[in-house]
Structure formats: C-alpha cells, structure tokens
Amino acid sequence: MTGSTVVNQTPVLPPRYYLENFRVLYSTVQAQYADLLQADELAFIEHYDAMDEESQCLYLRLISRRGPWFRSAKLSYPEIGDLRAPLEYLLACNWLLEAQALELDDVQGLFTLAELRKIFPECAESLPTTAPKSALMAVLDQALSRGELTQADLARRCVAYDETVIVAPSWTEHVALLQLLFFGNRRQDLTEFVLSDLGVMRYVQYPLDRAHRLFPSREAVEEYLLIGECADTYWLWREQRTMLEEEAQRDSLQQLAQLIGTVQVGYEANRPRFHALLNRVARELERMALYDHAMLLYCESHRHPARERNIRVLVAQERWEEALALCETVLAQPWCEDEYDAAGRLQVKARRALFGERAPRTKASFSERHLNIVRETGSVERDTATALMQQWPQVRYVENALMNSLFGLAYWDVIFSPVAGAFNNPFQSVPADMYAQEFSLRRRKQIAARRDELEELPLVQTLTDTFRRVKGLQNRWVSWGLLDEALIEDVLVCMPKAHLLAIWDRLLFDPGENRRGFPDLIALDPGAARYEMIEVKGPGDALQASQKRWLNFFQSASIPASVLWVQWIDD
DNA sequence: CACTTAACGG
DNA sequence: TTCACACCATCTC
DNA sequence: GATGGTGTGTCTCCGTTAAGTGCA
Ligand SMILES: [Mn+2]
Ligand SMILES: [Mn+2]
C-alpha cells in the first residue's frame with residue numbers, strides 16, 4: 001500500500017514486495033490484538049522476525065500458493081536466488097515439513113501424467129498409452145486399497161524420482177489467524193495488497209479506527225473460526241453429495257446439522273453468517289423431508305427466510321394451525337418486506353385449509369402492456385430495447401446497476417463515513433454493516449443532512465462532481481463499467497429529483513433487500529425530460545416478488561414504470 | 001495439434 | 001466459498 | 001399464480017504458462 005497513484009501505467013513493485021505486505025499485516029495485528037494471541041502465535045511472529053530474509057521470502061511464497069505440497073526441485077524464485085540455504089533452514093526449524101507419506105490426491109497434483117507413468121511403471125503398463133490421468137490414478141488407488149502400495153511408498157518413490165524433497169509449509173493455521181484478524185474475514189488475503197498497489201483495485205481511503213476491534217475477545221475469534229469450519233463442512237457436503245447414495249447423503253447431512261445445532265453463538269457480529277448457514281443446512285434437511293430437524297435449525301435462525309421456510313415446513317406437514325399462528329407472528333412483526341409478503345400468501349393458504357375461506361384475488365396495480373416482436377438476438381431484453389428505440393431516443397438495458405450506481409454516488413460520503421466498526425481493513429468496498437438494519441440508524445444524522453443537500457443542490461452537477469472525484473474507487477453499489485458522464489446527465493435530466501429521492505429513500509430503508517428488482521430497461525428522452533422504466537417479460541417468465549415490490553412502489557410514487565409482456569412473432 | 005483449464009504472480 | 005435473474009416443470013385455483 | 005429446481009452471466013485483474021484431453 002505504498003499508494004502509488006499512477007493510473008495508466010503499472011507501478012513497479014520491489015522484487016521482494018510481499019515481505020513488506022506481510023510485515024504490515026502482522027504488525028497491525030500485533031498492535032491491535034496482541035492480547036488475543038497465544039504464546040505459540042506470538043512465538044511464531046517472533047521467530048519469523050528473527051529469520052534471514054531469504055527464508056522469510058520462501059516461506060511467504062509457499063503459503064501464498066495452493067499446495068500444500070511442493071517439489072523443492074520445481075521451486076524457482078529469482079528474487080530469492082539460491083533456495084538451498086532457506087530450504088535447509090526452514091526444514092531444520094520445522095517451518096517446512098518433509099513428506100513422509102502422501103495422499104493419492106497430493107501425488108496427482110504434484111506430478112504430470114508422464115512422470116507418474118515413469119514412477120509407477122507396473123501400474124502404467126496395464127493401461128493403453130492414451131489412458132487419461134484419472135485411469136492411472138484409479139489403478140494406483142486399487143493398488144493402495146489392496147495393500148500392494150502404502151502412502152509411505154508413494155512418498156518414497158516420488159522423492160526418489162526427483163532426488164529432492166517434497167515439502168509443505170507449517171504453521172498455516174497461525175497465518176490464517178493473522179489474516180483473519182487483519183481483514184476481519186477469511187476471504188481476503190495478501191493478494192489484496194498487490195492488487196491495490198498495482199492500481200488494479202483502488203479503494204476509498206477511509207480512516208481506520210485502530211481502537212475499535214471487530215473481535216473483542218479470543219472467544220469471538222474462535223467462534224468465527226468454528227462457524228467457518230462448519231461452513232466448510234457444508235460446502236464439502238454439497239460438492240460430494242452426488243457421489244453418495246441417498247442414505248449416506250442423508251446421514252452425513254444430519255451429522256452436520258447436529259454439529260451445527262450444538263454451536264452457541266455469543267457474539268453479535270458472528271450471527272448473520274451463522275444464521276445464513278443454519279438456513280442453508282435447514283433447507284437441505286427440508287428437501288430430504290427431515291422436517292423436525294429443519295424446523296429446529298430454522299428456529300435458531302433470525303435471518304430471512306428462516307420463518308418463511310418454517311411456515312412452509314408446517315404447511316408441507318399440513319400442520320395448519322401452527323402455520324397460521326406463525327404467519328400471524330410474522331405479519332405482526334416482519335423482518336423484511338419479502339417475509340411479510342410471503343407470510344401474507346401463506347396465511348391465505350392456511351385459512352383456506354382451515355376455514356375454507358376463498359382467496360380474494362388481488363389485481364396488479366401497475367401498468368402492463370404487450371408487445372409482439374421478431375426474435376433477433378438471444379436476449380428478449382435486448383430485442384425489446386431495439387424495438388423501443390422506435391419511440392425513444394435512448395433505451396438502456398440496466399437492471400439494478402443504474403439505480404444502485406446513482407445511489408452509490410449520491411450517498412457516497414455516507415456509505416464511507418467512518419462509523420465505529422464499519423471499516424476493519426483498507427480493502428473494503430462497503431462498510432461492514434451495509435446490509436444490517438442498523439445501517440440507517442447509525443448514520444441517521446448524516447443521511448438526513450445529505451438528503452437535505454440533495455434537495456437543494458442541482459443533481460447533475462453534484463453527481464457529476466462526485467463521479468469525477470471518486471471514479472474507479474471500489475464501491476459495491478457502483479458499476480463503473482456502466483456509468484459515464486453522459487449517462488448520468490441524461491438520466492438526471494429525464495428523472496425529476498423527487499423520483500430519485502424517493503427511490504434512494506427506499507434503498508436506504510432496506511439496502512440489502514431493495515438493491516434488486518429494478519426493471520430491465522430505462523427509456524430516456526432527454527429532449528422532452530421524459531423517461532420510463534420497463535420490466536421485460538418474455539413468454540414463460542413471471543414477475544419476481546422483488547420486482548413487484550418496486551413496481552408497486554413506482555405506482556404509488558407516480559414514477560413511470562410498466563411491465564411489457566413480449567410475444568415472439570414467428571418468421 | 002487445437003482447445004480448455006488451473007495455477008501463478010505482479 | 002455469490003448473486004440476481006430467467007427459464008422450465010409441476011401443482012393449484 | 002405459486003413454488004421449486006436449474007441454468008446463466010457475473011463475480012475481484014489479467015497475461016503467461018503448464019498440463020490434460022480428444023482428435024486428426
Ligand atoms: Mn431482468
Ligand atoms: Mn425481465
């Protein structure tokens with residue numbers, strides 16, 4: 001992050017640039033979280049600090065790669081030079097471990113097919129010369145299961161082939177912990193520094209509040225890691241489910257669900273992730289008709305769509321009274337509009353089952369039109385846009401991107417205002433609480449002040465200025481590929497300020513939910529200051545709940561929007 | 001040999 | 001460890 | 001119309017290189 005602001009020219013990094021990046025990472029963690037680190041973790045940092053630079057480099061190179069095993073003969077790093085000394089040092093202090101035994105998967109990744117044929121000629125000879133790698137691996141697998149080979153044999157023969165060593169970096173759990181404490185998540189790693197330094201990713205330079213800690217205690221960290229492990233297990237299950245029999249699938253899922261059921265999450269910041277996992281696992285249980293177990297998990301979750309799914313599970317079992325009761329609970333205190341709508345629909349269904357009540361058919365309260373066109377491209381939206389160019393000077397296929405981008409520009413400084421806990425590392429494109437209920441509460445004053453400003457200021461000028469000031473900086477709301485000054489001006493000339501303010505108010509009301517559902521197209525007539533948003537629906541398509549909510553809102557705010565039902569004309 | 005895919009690294 | 005959307009099948013009213 | 005399942009383009013970069021695969 002030595003902050004070169006060169007835009008069109010790639011800045012040159014020093015050959016061992018990653019040393020400095022890692023130094024920033026661990027020294028930041030040391031300064032902020034020293035009291036959360038255990039003795040072995042502190043010793044890890046101390047040892048690293050004391051190492052010669054070449055060993056530090058090699059270690060960092062390896063932990064940045066996929067691994068875990070590497071053939072020392074295949075390693076080459078010009079900026080380190082001769083690797084023998086660092087290899088020897090790292091092996092001597094056990095920062096690199098030498099392979100004593102290898103899994104078949106590791107062997108597959110370490111050697112090419114041609115090499116494996118030479119290392120295991122007795123397995124290869126039974127195969128045709130064109131046999132794929134998977135065939136050879138299958139033969140090796142059989143040899144292993146028959147006891148003709150052991151994992152130690154694998155390692156020995158692989159090493160003999162290279163006449164070197166096969167090594168894996170150790171203490172990767174310490175590195176993972178340092179990264180978690182630095183970034184506040186498991187997703188980001190050292191490459192963030194490089195991309196930022198190269199100018200590939202440019203981030204807003206919000207102030208970081210070092211005093212504020214995302215993890216207040218060691219327990220909070222451990223909890224985060226535990227949830228991560230559970231999530232890993234879930235994703236692994238999803239990947240491997242197809243290879244399992246139905247019964248084995250069910251057993252392993254239930255095992256996972258049981259494990260997750262015992263997890264107690266005490267830290268507020270960990271809850272959203274955990275509840276998302278509960279919802280996912282419960283949904284899988286539901287698919288396997290394990291209803292009671294699913295409901296158990298849904299009840300633990302405070303995240304949409306837990307209660308909606310819970311109602312559906314009750315409906316599936318025809319437990320109508322309970323379903324109706326939960327519908328009423330939700331309707332009285334919904335978590336979000338989507339949940340409220342779903343509970344409304346399910347309430348009707350339950351009342352019909354219980355009391356035989358007929359459904360009062362609700363009619364669409366927004367404008368709907370029909371259009372017959374010839375199919376030209378593969379995209380109904382694009383074909384429709386082309387057809388509408390007869391009546392409009394400009395038609396853009398923008399979906400959510402346009403309104404979200406304008407919102408991101410209009411409220412840029414609110415989004416990046418340094419609220420406590422919002423920014424944990426220098427590489428964020430939104431504050432941590434962007435989609436939390438409290439987002440607006442915590443920034444009530446700034447939002448109100450900004451809204452007043454927007455009321456007063458000329459929007460074209462204001463947003464164009466913001467566009468120029470922050471162009472290219474990462475903001476989850478803004479699609480830089482879509483925006484340019486001409487588009488901003490055209491849209492702002494066509495749309496009355498009241499319309500934009502109303503849309504942005506609704507985005508602020510629930511940024512997580514309302515960022516989706518915008519119509520496909522916007523038709524613009526800057527000359528006449530006229531516009532319309534158009535949701536295209538091809539044959540067989542239907543409005544989604546989020547799209548209906550925006551259309552209803554547009555109707556109530558007198559914002560021009562409609563649904564266009566498209567039929568194909570056969571040629 | 002043409003094509004695809006994954007890993008790597010700045 | 002994605003998300004938003006379209007498309008399609010099936011069931012219900 | 002409601003619902004669930006699945007496919008698609010997109011994601012947070014992009015050029016280079018090695019390797020696997022199937023075909024002439
Ligand atoms: Mn669309
Ligand atoms: Mn559409």
Side-chain angles (χ1 to χ4, degrees), chain A residues 10-18 21 60-62 64-67 70 74-79 108-116 130-137 185-203 227-236 238-239 273 276-277 280 283 286-287 308-309 312 315-316 341-342 344-346 348-349 352-353 358-359 361-364 378-381 397 399-401 404 427-429 435 474 476 479-481 512-513 515-520 535-548 566:
Chain A
T10 306
V12 177
L13 304 181
R16 297 181 176 181
Y17 65 89
Y18 46 89
N21 294 343
L60 291 180
R61 278 297 194 185
L62 296 190
S64 308
R65 290 179 54 176
R66 197 161 189 274
F70 299 93
K74 291 281 164 190
L75 297 174
S76 166
Y77 293 107
E79 84 280 6
Q108 175 170 13
L110 279 169
F111 294 89
T112 67
L113 177 55
E115 288 171 329
L116 290 174
T130 56
K133 199 173 193 178
S134 54
L136 181 56
M137 299 319 290
N185 60 63
R186 297 194 313 161
R187 182 173 42 85
Q188 293 177 292
D189 57 32
L190 285 167
T191 61
E192 301 292 336
F193 288 89
V194 188
L195 294 180
S196 172
D197 286 343
L198 288 175
V200 172
M201 295 290 175
R202 294 171 49 229
Y203 293 91
I227 295 166
E229 274 170 42
C230 292
D232 287 344
T233 313
Y234 167 71
W235 289 106
L236 205 66
R238 273 194 60 148
E239 268 174 37
R273 284 174 66 246
L277 179 63
R280 272 192 235 269
R283 190 71 182 81
E286 207 186 315
R287 291 199 175 100
E308 179 194 333
R309 296 312 318 174
R312 291 188 190 280
V315 167
D341 292 344
R345 292 193 300 272
L346 288 161
V348 169
K349 194 169 185 168
R352 184 166 47 235
R358 298 300 303 275
R361 179 58 63 93
T362 52
K363 215 175 132 264
S379 152
V380 64
E381 292 88 356
Y397 179 23
E399 261 173 2
N400 305 320
N404 286 345
F427 311 110
Q428 286 180 229
S429 56
Y435 305 124
Q474 290 300 305
R476 190 83 56 82
S479 307
W480 292 114
E513 185 174 48
R515 70 193 146 148
R516 58 182 186 262
F518 284 100
D520 295 309
E535 172 54 41
V536 178
K537 285 297 164 197
D541 197 2
L543 288 169
Q544 298 178 18
S546 61
Q547 294 172 331
K548 284 184 196 168
V566 174

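Note that the structure is predicted; figures quoted are calculated from it, not measured. Throughout, protein chains are lettered first and strands after them, A, B, ... in sequence-line order, and every chain is numbered starting at 1.
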Every protein N/O lying under 3.5 Å from an N/O of nucleotides 6-8 of chain C:
from  : atom 1 : to     : atom 2 : distance (Å)
C/dA6 : OP1    : A/D520 : OD1    : 3.4
C/dA6 : OP1    : A/E535 : OE2    : 3.2
C/dA6 : OP2    : A/K537 : NZ     : 2.9
C/dA6 : OP2    : A/Q544 : NE2    : 3.3
C/dA6 : OP2    : A/Q547 : NE2    : 3.2

Inset, instruction - Please identify each residue that fulfils salt bridge (charged side-chain N to carboxylate O under 4.0 Å, His left out) with A/R238, with sequence neighbours left out. - result: none
Inset, instruction - First locate atom CD of A/E308, then atom CG of A/D341, and finally report the distance between them rounded to the nearest 0.5 Å. - result: 9.5 Å
Inset, instruction - Scan A/N400 against the nucleic acid and name what it touches under 4.0 Å (heavy atoms): base, sugar-phosphate only, or nothing. - result: sugar-phosphate
Legend entry - Partner set under salt bridge (charged side-chain N to carboxylate O under 4.0 Å, His left out) for A/R345, not counting sequence neighbours: none
Can you name the atoms? Protein N/O to nucleotides 5-7 of chain B N/O, anything below 3.5 Å, with the distance.
from  : atom 1 : to    : atom 2 : distance (Å)
B/dA7 : OP1    : A/R66 : NE     : 2.7
B/dA7 : OP1    : A/R66 : NH1    : 3.2

Inset, instruction - Could you tell me which residues satisfy salt bridge (charged side-chain N to carboxylate O under 4.0 Å, His left out) with A/R516, sequence neighbours excluded, listed by chain and number? - result: none
Legend entry - ring-ring contact (aromatic ring centres under 6.0 Å, His included) involving A/W480 - partner list, sequence neighbours excluded: A/F467
Inset, instruction - Test side-chain contact (heavy atoms from CB on, under 4.5 Å) on A/K133 and A/Q108 and set out the steps. - result: CA-CA 8 Å; A/K133 199 173 193 178; A/Q108 175 170 13; 4.0 Å; yes
Inset, instruction - Assign A/Y77 to base, sugar-phosphate, or nothing according to its heavy-atom contacts below 4.0 angstrom with the strands shown. - result: sugar-phosphate
Inset, instruction - Working to the nearest 0.5 Å, report the span between CZ of A/R312 and CD of A/E286. - result: 9.0 Å
Inset, instruction - Whole angstrom is fine here: how far is it from CD in A/E229 over to P in C/dT1? - result: 15 Å
Legend entry - Same-atom distance (C1') from D/dG15 to C/dT2, integer angstrom: 25 Å
Legend entry - Counterpart base for D/dT10, defined by Watson-Crick or G-U wobble contacts under 3.5 Å: none
Inset, instruction - For A/R273, check salt bridge (charged side-chain N to carboxylate O under 4.0 Å, His left out) against everything at least two apart and list the hits. - result: none
Inset, instruction - Determine the interatomic distance between P on D/dT10 and the same-named atom on D/dC14; round to the nearest Å. - result: 13 Å
Between protein and nucleic acid, restricted to nucleotides 3-5 of chain D and to nitrogen or oxygen atoms under 3.5 Å apart, what atom pairs and distances do you find?
from  : atom 1 : to     : atom 2 : distance (Å)
D/dT3 : OP1    : A/R312 : NH1    : 2.9
D/dT3 : OP1    : A/R312 : NH2    : 3.3
D/dT3 : OP2    : A/R345 : NE     : 2.8
D/dT3 : OP2    : A/R345 : NH2    : 3.4
D/dT3 : O5'    : A/R312 : NH1    : 3.3
D/dG4 : OP1    : A/R309 : NH1    : 3.1
D/dG4 : OP1    : A/R309 : NH2    : 2.7
D/dG4 : OP2    : A/R309 : NH1    : 3.2
D/dG5 : OP1    : A/R287 : NE     : 3.1
D/dG5 : OP2    : A/R283 : NH2    : 2.8
D/dG5 : OP2    : A/R287 : NE     : 3.1
D/dG5 : OP2    : A/R287 : NH2    : 3.1

Legend entry - Over all atoms of both residues, closest heavy-atom pair of A/N400 and A/F518: OD1-N, 3.0 Å
Legend entry - Distance, rounded to the nearest Å, where A/Y435 contributes OH and C/dT2 contributes P: 15 Å
Inset, instruction - Have a look at A/G517 and say if it touches a base, only the backbone sugar-phosphate, or nothing, with a 4.0 Å heavy-atom cut-off. - result: sugar-phosphate
Legend entry - Rounded distance in Å between the C1' positions of C/dC3 and D/dT12: 14 Å
Inset, instruction - Respond yes when some side-chain nitrogen or oxygen of A/R516 is under 4.0 Å from OP1 or OP2 of C/dC3, and no when none is. - result: no
Legend entry - Length of the line joining A/R238:CZ and D/dT6:C1', which is rounded to integer Å: 11 Å
Legend entry - Separation of atom CG in A/D197 from atom C1' in B/dG9, rounded to whole Å: 14 Å
Inset, instruction - Tell me, please, which residues at least two apart from A/Y203 pass ring-ring contact (aromatic ring centres under 6.0 Å, His included). - result: A/F427
Legend entry - Which residues share a side-chain contact (heavy atoms from CB on, under 4.5 Å) with A/P15, sequence neighbours left out: A/E79
Legend entry - CA sep, side-chain torsions, deciding dist, call: A/M137, A/L116, side-chain contact (heavy atoms from CB on, under 4.5 Å): CA-CA 9 Å; A/M137 299 319 290; A/L116 290 174; 3.9 Å; yes
Legend entry - Letter per nucleotide, 5' to 3', of nucleotides 7-24 of chain D [B base touched, S only sugar-phosphate touched, - untouched; heavy atoms, 4.0 Å]: -----BB-----SSS---
Inset, instruction - Just jot down the side-chain contact (heavy atoms from CB on, under 4.5 Å) partners of A/V200, sequence neighbours excluded, or say none. - result: A/L195, A/L198
Inset, instruction - Grab the CG-C1' distance between A/L543 and C/dA4 for me, whole Å please. - result: 15 Å
